[in-house]
Amino acid sequence: MKYKDYYAILGVERGASTDEIKKAYRKLAHKYHPDVTKDKGGEDKFKEIGEAYNTLKDPEKRAAYDQLGTHQPGQDFQPPPDWGQQFGDSQFSFEDVDLSDLFAGLSGRRPGPGQSRANIPIPGQDYEVTAHISLEDAYQGTLVDLNLSVPEYDAQGRLHRVPQSFKARIPKGATNGQRLRLRGKGGKGINGGRDGDLYLNIVLHPHSLYRVTEHDLYLDLPVTPWEAALGASVEVPTLAGEVRLKIPPGTAAGQKLRLAKRGLPKPHGGEGDLFAIVQIAVPTVVNERERALFKELADISTFNPRAHFKSGGAA
Amino acid sequence: MTADDFESDTLWLDTHHEITVSELTQTTGLSTIEVRELVEYGAITPVDVNAAPWRFHGQCLSIARTASRLRDDFDLDSHALALALKFMSRIDELEAELRELRAQFPRRLQR
């Protein structure tokens with residue numbers, strides 16, 4: 001079993017009062033709680049802080065923790081010989097056990113030493129995982145592999161942390177920020193307790209072409225000045241393959257051209273739209289002939305896009 | 001565990017799916033009194049506030065799970081919870097608006 005220094009994690013002295021421990025915890029929770037911080041490492045940091053606080057705030061658990069002695073963080077250690085008898089199960093094996101699971105097993109939902117586990121229904125744990133999927137996977141629906149480290153009781157009622165792999169089907173209709181609940185796919189309940197649920201938070205990988213909002217997609221559509229002025233029919237990529245899009249004559253930069261129902265499918269039927277945002281692309285290198293034609297256009301055109309500057313800003 | 005195990009009972013947490021108040025309390029660990037207070041303070045809203053027993057849209061489950069987490073981790077009472085949840089929901093709305101505006105903004109002009 002690896003040692004963790006709960007006092008150092010909370011930044012308090014070993015002799016700190018319960019109030020000091022609570023204050024230190026709150027300060028750190030404000031900084032690292034996943035609902036508060038956007039820091040990606042915040043969640044793991046908060047787990048560590050929460051684990052330290054849950055042990056040190058409870059006098060019984062704190063006394064049990066103190067009895068483990070002081071070791072270097074991460075160092076392998078064995079509790080003193082009488083520790084198991086004093087605080088838990090004398091048959092307890094400390095191999096492959098995480099320190100947090102050891103203290104989680106000391107009180108709360110787990111029955112104490114000498115009590116029968118037979119009749120106490122314990123609900124299974126809910127798991128919550130962020131599933132990162134591609135836009136193409138969201139469009140078609142997909143099967144994702146999830147790897148979790150989950151606490152599990154063995155036949156003797158001992159708690160172990162075991163790696164578990166899941167395959168979860170994400171049906172069509174996913175988009176950023178959507179949540180999926182897979183009922184009964186969390187931890188197994190014990191003694192008739194309900195099985196936990198698996199919650200998936202969907203996050204889409206950024207796409208090289210499309211930007212996503214809800215079930216709509218946005219695509220930059222570069223067109224030439226003459227396509228914009230004269231109108232054209234151009235090929236536009238969609239998630240279902242290329243389609244032809246008509247560019248009306250006199251199309252301006254920034255104009256949104258809507259391709260109905262070419263966005264992401266919605267979970268309960270229907271589809272979002274695809275919006276092509278027109279960008280006027282200008283050739284950076286022109287040959288002599290092109291230059292001559294542009295020059296001719298410049299000479300004969302009366303078009304002035306800045307006319308409103310002279311009329312005091314009124315377009 | 002096979003993929004087929006997940007075919008049934010997969011629910012999007014949105015407005016198309018409803019859960020009962022007892023499912024809400026069972027799943028989140030919130031008490032009936034806490035749920036009632038969260039409703040009173042406007043943090044979650046039943047589908048029909050006059051119906052008994054209350055039913056909630058699936059998305060309320062996400063909010064209630066957050067409420068339960070904040071209650072445990074920050075020691076908050078229902079009043080403070082409701083306030084925090086309302087701010088969080090406002091942030092969600094603003095972030096969605098920002099995402100939408102960013103999506104409309106040509107990429108070449110984005111930093």
Side-chain angles (χ1 to χ4, degrees), chain A residues 22 25-26 29-30 33-36 46 49-50 53-54 123 126 128 143 164-171 173-174 176-185 194 196-202 208-214 216-222 253-254 256 267-268 275 277-279 281, chain B residues 1-17 19 22-24 26-29 57-76 81 84-85 87-89 91-93 95-110:
Chain A
K22 188 175 184 176
Y25 163 76
R26 284 189 166 177
H30 276 257
H33 195 279
D35 289 316
V36 176
F46 181 73
I49 295 160
Y53 180 60
N54 281 325
D126 290 338
E128 187 161 344
L143 201 59
Q164 204 167 339
S165 297
F166 298 87
K167 277 193 186 302
R169 161 101 37 212
I170 299 179
N176 262 329
Q178 256 184 322
R179 293 183 173 94
L180 199 58
R181 177 188 180 198
L182 304 163
R183 198 145 48 184
K185 305 303 176 192
R194 69 169 182 90
D197 298 331
L198 175 63
Y199 290 88
L200 292 183
N201 299 327
I202 312 284
S208 59
L209 284 181
Y210 307 104
R211 298 182 294 276
V212 187
T213 168
E214 303 280 322
D216 291 337
L217 303 177
Y218 287 82
L219 167 79
D220 290 335
L221 178 66
K256 276 196 289 187
H268 309 283
F275 293 95
I277 304 175
V278 173
Q279 286 184 315
Chain B
M1 197 174 289
T2 68
D4 291 340
D5 293 340
F6 286 102
E7 294 294 317
S8 60
D9 255 356
T10 300
L11 305 166
W12 292 107
L13 296 183
D14 56 21
T15 53
H16 282 77
H17 164 64
I19 54 169
S22 60
E23 198 178 353
L24 190 72
Q26 236 178 46
T27 324
T28 59
H57 282 139
Q59 64 193 22
C60 286
L61 182 55
S62 289
I63 302 171
R65 276 171 56 77
T66 307
S68 162
R69 197 163 54 226
L70 291 176
R71 179 199 61 184
D72 295 346
D73 294 343
F74 287 105
D75 243 349
L76 300 183
L81 271 180
L85 291 170
F87 284 141
M88 287 168 85
S89 134
I91 291 171
D92 282 347
E93 282 169 24
E95 282 183 341
E97 240 173 77
L98 193 62
R99 264 200 305 275
E100 193 174 341
L101 287 172
R102 278 191 178 146
Q104 296 183 37
F105 208 56
R107 187 162 281 166
R108 275 190 213 170
L109 299 177
Q110 289 181 358

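Being a predicted model, the structure only gives us computed values, none of them experimental.
- Contacts between B:Ile19 and chain A at a heavy-atom distance below 4.5 Å involve the side chain alone, from C-beta outward.
- At a threshold of 4.5 Å between non-hydrogen side-chain atoms, the residues B:Arg65 and B:Thr27 do not count as touching.
- Side chain of A:Asp197 to main chain of A:Gly184: a donor-acceptor pair is present (N/O by atom type, distance under 3.5 Å, no hydrogens or angles).
- With a threshold of 4.5 angstrom between heavy atoms, A:Pro34 does not approach chain B through any atom at all.
- Heavy-atom distances place the side chain of A:Asp126, and not its backbone, under 4.5 Å from chain B.
- Between A:Glu128 and B:Arg69, at least one side-chain N (NZ, or NE/NH1/NH2) sits under 4.0 Å from a carboxylate O, which counts as a salt bridge.
- Interface remark: B:Ile91 contributes no atoms to any contact with chain A (heavy atom separation under 4.5 Å).
- In this structure, the portions of A:Ala174 lying under 4.5 Å from any heavy atom of chain B include both its backbone and its side chain.
- For A:Ala29, the side chain to side chain contact (heavy atoms under 4.5 Å, CB included) partners two or more places apart in sequence, or in a different chain, are A:Tyr25, A:Phe46, B:Phe74.
- Heavy atoms of A:Leu221 lying under 4.5 Å from chain B are absent altogether.
- Applying the side chain to side chain contact (heavy atoms under 4.5 Å, CB included) test to B:Asp92 and every residue at least two apart in sequence or in another chain returns B:Glu95.
- Of the two parts of B:Glu23, only the side chain, counted from C-beta on, holds a non-hydrogen atom closer than 4.5 Å to a non-hydrogen atom of chain A.
- Contacts with chain B were tallied for A:Glu214, A:Lys22, A:Arg194, A:Lys256; A:Arg194 has the most, counting heavy-atom pairs under 4.5 Å.
- The shortest distance between side-chain heavy atoms of A:Tyr199 and B:Leu61 falls below 4.5 Å.
- At a 4.5 Å heavy-atom cutoff, the contact between A:Ile277 and chain B is made by side-chain atoms alone.
- Taking 4.5 Å as the limit, every side-chain heavy atom of A:Leu217 sits out of range of all side-chain heavy atoms of A:Arg211.
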